[in-house]
Amino acid sequence: MHASIFDSEASIGQRRVVIRRSGNDIEMVELPWGLRPEHPGGRPFTVIRAEGRTFPIHRCLVPASEFRHRSHGKYYGFSLSDGDWFYFAGIWRPATRDWPESYAILTIEANADVAPFHDRQMAVLRRDQRMAWLDRTAREADVLRPLPPGSLKVRPWNSARQTEFAL
């Protein structure tokens, strides 16, 4: 499987591989990013706040090696300090008459590594947490929580030149 960089400012509708349950099997499908807006002409939901909510159906995982985020006009890349790849906790929705099958990523309070740049972050799951999320073997609050301080490596990233710089 290929885990790539996730740009939080990617276009709505950008297609990406997600992993989900299909009966007793696990499948990888490519879906567009952004759930149907509440009102016609509204902005699709690309992220959804996780706190205080339950997600009993349509859970998915979004594999990634890094996520990029803009803060105060500068871009930063965040990856696991140990160099491993990870998943974002997400949900998907079936197609409707007026919206394609699609997904969104859940957000949580930022961990200590992300907090200097933003107060929220996408819910990062380590590979050993993936089945707990998909199979609902742990409560949302036990899985959807910030990683310990020092779990993420932060690098400035110049989007114009698409190069990374060491801190």
Side-chain angles (χ1 to χ4, degrees), residues 3-21 29-39 42-81 84-94 99-155 157 159:
S4 60
I5 296 168
F6 191 93
D7 186 351
S8 63
E9 294 193 8
S11 301
I12 292 173
Q14 181 182 46
R15 297 183 70 80
R16 193 161 178 97
V17 168
V18 300
I19 300 163
R20 65 185 181 185
R21 277 274 176 212
V29 295
E30 189 179 82
L31 297 178
W33 189 28
L35 300 178
R36 187 175 125 289
E38 284 185 6
H39 306 289
R43 187 177 185 335
F45 294 100
T46 56
V47 295
I48 296 173
R49 184 178 288 257
E51 291 91 350
R53 302 176 94 173
T54 59
F55 303 93
I57 59 171
H58 298 132
R59 292 179 176 201
C60 66
L61 299 164
V62 182
S65 59
E66 177 179 327
F67 60 98
R68 293 191 175 149
H69 182 68
R70 184 173 53 150
S71 176
H72 307 292
K74 296 181 181 178
Y75 290 85
Y76 298 90
F78 302 85
S79 57
L80 289 177
S81 296
D84 201 2
W85 49 276
F86 55 89
Y87 300 94
F88 294 121
I91 58 170
W92 65 275
R93 294 291 180 253
W99 201 263
E101 185 175 47
S102 55
Y103 77 97
I105 294 173
L106 303 180
T107 66
I108 59 173
E109 175 185 353
N111 85 334
D113 306 319
V114 176
F117 307 95
H118 203 279
D119 62 338
R120 310 255 339 133
Q121 72 171 73
M122 292 180 272
V124 173
L125 304 178
R126 291 187 166 274
R127 291 198 279 166
D128 64 350
Q129 297 173 295
R130 68 186 180 265
M131 298 314 296
W133 174 248
L134 281 183
D135 292 340
R136 297 181 52 221
T137 58
R139 294 178 327 127
E140 281 89 345
D142 294 335
V143 179
L144 302 175
R145 60 183 177 175
L147 295 173
S151 297
L152 296 171
K153 178 173 43 175
V154 182
R155 289 189 300 269
W157 181 73
S159 65

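Just so it is clear, the model here is predicted, and its values are computed rather than measured.
At distances below 3.5 Å, not a single donor-acceptor pair connects side-chain atoms of W92 with backbone N or O atoms of C60.
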* **Audit row: I19, V62, side-chain contact (heavy atoms from CB on, under 4.5 Å) steps and yes/no** => CA-CA 7 Å; I19 300 163; V62 182; over 6 Å; no
* K74 vs F117, side-chain contact (heavy atoms from CB on, under 4.5 Å): CA-CA, chis, key distance, verdict -> CA-CA 10 Å; K74 296 181 181 178; F117 307 95; over 6 Å; no
* To do: Please step through side-chain contact (heavy atoms from CB on, under 4.5 Å) for the pair F67 and V114, ending with a clear verdict.
  => CA-CA 11 Å; F67 60 98; V114 176; 4.1 Å; yes
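We find the OG1-NE2 distance between T107 and H118 to be 9.0 Å, quoted to the nearest 0.5 Å. Taking CG of L61 as the reference point, atom CD1 of I105 lies at 11.0 Å (rounded to 0.5 Å).
A pairwise comparison of heavy atoms in V47 and W33 identifies CG1-CZ2, 4.5 Å as the closest pair. Contact between S79 and S65 at its shortest, heavy atoms only, is CB-O, 3.5 Å.
Aromatic ring orientation, Y76 versus F78: tilted (interplanar angle from 30° to 60°).
We find that E66 and K153 are not joined by a salt bridge, their nearest charged nitrogen and carboxylate oxygen being 4.0 Å or further apart. A salt bridge does not link R145 to E140: none of the charged nitrogens lies less than 4.0 Å from a carboxylate oxygen. Looking at R126 and D84, no side-chain N of the basic residue comes within less than 4.0 Å of a carboxylate O on the acidic one, giving no salt bridge.
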